[in-house]
Amino acid sequence: MAFELPDLPYDYDALEPYIDGRTMEIHYDKHHRAYLTKFKGAIEGTELEDKDLKSILADAGKHGGGVRNQGGGYYNHIVYWNSMSPNGGGKPSGKLAEAIDSSFGSFDQFKEDFTNAATGLFGSGFVWLLPKGGKLEIVGTPNQDNPLMDVVDASGEPIMGLDVWEHAYYLKYQNKRPEYVENWWNVVNWDGIAKQYEDIAG
Ligand code: MN
């Protein structure tokens, strides 16, 4: 596998005023790139070089911290970028909306639960929306872990992810993670997330 940094699907400043351009530039070009570079360094010369990312992460517990943290960081940020769009916000429709209603009772309840998971996650990490047996689950993971990994209790492929590391919001929101999360809902890429859900749910 040739692991590469995928293009950001929009300009750095496209998510303003909710996510500022300077944060996006540093986050993508410095943080995400560094995860990829260090991940490639961690697998260089090993048999993992020929495997795909998801199968590498599925055995993260066997591969040591470099692969777990850097490979996780490489994957997690791709999900995070794809979870946002300049045309985002509002509410989902179609099958995803139905699954949210049946899993959480209503969209508003889902939004409250996800927000609470994001503001309540201790330290750095991500919060995911995970299809699971015809339902959806909200899962928080520390550091650069994710539900693809054997070291995480929840298992599956997330269709949406929110980065709650301070580097995702500190320049604009300082220590106010709840404000970042509240504003983040304005850029959630429901069309893209719904499409992924339909691909997975069939
Ligand atoms: Mn990040």
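These figures come from a predicted structure and were not determined experimentally. In listed order, ligands and their atoms are each counted from 1.
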Parallel, tilted or perpendicular: rings of Tyr173 and Tyr180 (30°, 60°): tilted
Short side-chain donor-acceptor distance under 3.5 Å, Asn183 and Glu179: no
No-hydrogen, no-angle side-chain donor-acceptor test under 3.5 Å, Trp185 and Thr115: yes
Contact check: His32 to the Mn ion (ligand 1), N/O/S below 2.8 Å: no
Of all N/O/S atoms in His167, the name of the one nearest the Mn ion (ligand 1): NE2
His77 backbone or side-chain N/O/S under 2.8 Å from the Mn ion (ligand 1): yes
Considering only N, O or S atoms of Asp163, the one closest to the Mn ion (ligand 1): OD2
Within 6.0 Å of NZ in Lys172, more than 12 heavy atoms from elsewhere: yes
